[in-house]
Visitor: 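I'd like to ask some things about the structure below.
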Amino acid sequence: QVQLVESGGGLVQPGGSLRLSCAASGRTFSSYTMAWFRQIPGKEREFVAAISRGGGNTNYIDSVKGRFTISRDNVKSTVNLQMASLKPEDTAVYYCAAVRIGDYRYSKATAYDVWGQGTQVTVSS
């Protein structure tokens with residue numbers, strides 16, 4: 001199965017933008033539904049966005065619709081999360097997740113069985 005490594009987190013001011021990337025190892029990346037989750041201390045991991053294996057379908061939590069965009073490149077084996085108009089409540093550790101085959105409508109963390117190590121995003125002035 002694939003292994004996932006996130007990058008691109010950091011500190012950004014409210015209203016700013018940030019791009020997260022997730023690089024996957026292995027040659028079967030295109031057979032995985034990919035997603036981004038986030039988590040703050042003391043709370044459950046929250047679904048943010050998912051993308052289908054071919055990249056043609058996406059799914060977002062309501063609070064990020066119109067601000068975040070998930071995309072993938074099956075040649076480079078990467079999935080990205082472009083985040084704009086960031087708010088302090090977007091502060092969290094962001095995780096890349098994958099499930100072989102799967103479905104882009106999956107929004108529960110238990111539906112995904114491969115996880116990255118996480119990258120911190122802090123939105124603060």
Side-chain angles (χ1 to χ4, degrees):
Q1 66 183 17
V2 296
Q3 292 183 318
L4 306 175
V5 178
E6 301 99 334
S7 61
L11 173 64
V12 62
Q13 292 187 342
S17 298
L18 207 59
R19 182 181 176 89
L20 304 183
S21 293
C22 174
S25 63
R27 293 178 290 178
T28 60
F29 179 73
S30 61
S31 65
Y32 285 80
T33 292
M34 301 298 298
W36 287 94
F37 285 74
R38 63 188 180 187
Q39 188 171 26
I40 61 175
K43 289 203 169 184
E44 291 188 356
R45 200 161 289 190
E46 176 185 54
F47 171 79
V48 176
I51 189 166
S52 60
R53 287 172 284 153
N57 293 291
T58 56
N59 182 25
Y60 298 92
I61 191 173
D62 284 347
S63 61
V64 308
K65 284 181 180 177
R67 300 190 298 122
F68 291 10
T69 302
I70 188 171
S71 62
R72 68 187 296 161
D73 185 330
N74 284 347
V75 174
K76 296 181 179 179
S77 296
T78 57
V79 60
N80 300 308
L81 186 67
Q82 181 69 48
M83 304 184 293
S85 302
L86 283 161
K87 305 174 181 180
E89 51 264 43
D90 294 317
T91 295
V93 176
Y94 283 71
Y95 295 90
C96 179
V99 59
R100 186 170 173 81
I101 309 302
D103 191 290
Y104 70 96
R105 289 163 289 193
Y106 289 175
S107 60
K108 293 185 177 181
T110 52
Y112 296 83
D113 55 9
V114 184
W115 293 86
Q117 82 287 353
T119 185
Q120 176 71 46
V121 172
T122 302
V123 184
S124 175
S125 55

Visitor: Distance check, rounded to the nearest 0.5 Å: Asn74 atom CG versus Ser30 atom OG?
Guide: 5.0 Å
Visitor: Is the backbone N or O of Phe47 less than 3.5 Å from a side-chain atom of Ser107, with the two atoms forming a donor-acceptor pair by type?
Guide: no
Visitor: Considering all heavy atoms of both residues, which atom of Val99 and which atom of Asp113 are nearest to each other, and what is their separation?
Guide: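 Closest heavy-atom pair between Val99 and Asp113: CA-OD1, 3.8 Å.
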Visitor: Measuring from atom CG of Leu20 to atom OH of Tyr94, what distance do you get when rounded to the nearest 0.5 angstrom?
Guide: 7.5 Å
Visitor: Is the cationic atom of Arg72 (NZ for Lys, CZ for Arg) positioned less than 6.0 Å from the six-membered ring centroid of Phe29 and within 45 degrees of its normal?
Guide: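 Yes, Arg72 and Phe29 form such a contact.
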Visitor: Under the side-chain contact (heavy atoms from CB on, under 4.5 Å) rule, what do Ile61 and Glu46 come out as? Steps first, then yes or no, please.
Guide: CA-CA 9 Å; Ile61 191 173; Glu46 176 185 54; 3.4 Å; yes
Visitor: Is a side-chain donor or acceptor of Gln3 paired with a backbone partner of Ser25 at a separation under 3.5 angstrom?
Guide: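 Side chain of Gln3 to backbone of Ser25: no pair is present.
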Visitor: Is the shortest side-chain heavy-atom distance between Cys22 and Leu4 below 4.5 Å?
Guide: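 Yes. Closest side-chain heavy atoms under 4.5 Å.
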Visitor: To the nearest 0.5 angstrom, please state how far the CG atom of Leu81 sits from the CE atom of Met34.
Guide: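 The CG atom of Leu81 sits 11.5 Å away from the CE atom of Met34.
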Visitor: Ala23 and Thr78: which non-hydrogen atoms are nearest, and at how many Å?
Guide: CA-CG2, 4.3 Å
Visitor: Taking the side chain as everything from C-beta on, heavy atoms only, tell me whether Ser7 gets closer than 4.5 Å to Thr119.
Guide: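 Heavy-atom side-chain distance check fails, nothing below 4.5 Å.
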Visitor: Within a reach of under 6.0 Å around CD of Glu44, are more than 12 heavy atoms found that belong to other residues, nucleotides or ligands?
Guide: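 Atom CD in Glu44 is not packed in, count stays at 12 or less.
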Visitor: How long is the span from the CD1 atom in Ile70 to the CG atom in Asn80, to the nearest 0.5 Å?
Guide: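 Output value for this atom pair is 9.0 Å.
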Visitor: I need the minimum non-hydrogen distance between Leu18 and Gly10, along with the two atoms involved.
Guide: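 Minimum heavy-atom separation between Leu18 and Gly10: CD2-N, 3.9 Å.
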Visitor: Please give me the minimum heavy-atom distance between Tyr95 and Gly116, naming the atom from each residue.
Guide: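 Nearest heavy atoms, Tyr95 then Gly116: CD2-O, 3.6 Å.
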Visitor: Looking at Thr58 and Ile51, would you say the former's side chain and the latter's main chain have a donor-acceptor pair under 3.5 Å?
Guide: no
Visitor: Compare all side-chain heavy atoms of Ile101 with those of Arg53 and state whether any distance is below 4.5 angstrom.
Guide: yes
Visitor: Any sub-3.5 Å donor-acceptor pair from Tyr112's side-chain atoms to Tyr106's backbone N or O?
Guide: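 Side chain of Tyr112 to backbone of Tyr106: a pair is present.
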Visitor: How many angstroms lie between CD in Glu6 and CD in Gln117, if you round to the nearest 0.5 Å?
Guide: 4.5 Å
Visitor: Is the shortest heavy-atom distance from the side chain of Val64 to the side chain of Arg38 under 4.5 Å?
Guide: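 Val64 reaches Arg38 side chain to side chain.
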Visitor: Is there a side-chain contact between Asp90 and Val121 (heavy atoms, below 4.5 Å)?
Guide: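 They are not in contact (no side-chain heavy atoms under 4.5 Å apart), so the answer is no.
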Visitor: What heavy-atom pair brings Arg45 and Trp115 nearest, and what distance separates the two atoms?
Guide: NH1-CE3, 3.2 Å
Visitor: Between Lys65 and Asp62, is the closest basic N to carboxylate O distance under 4.0 Å?
Guide: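 Looking at Asp62 and Lys65, the cut-off is met.
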Visitor: Using 0.5 Å steps for rounding, measure from the OH atom of Tyr104 to the OG1 atom of Thr33.
Guide: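 Here the rounded value is 10.5 Å.
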Visitor: More than 12 foreign heavy atoms under 6.0 Å from CD of Gln120: is that the case here?
Guide: yes
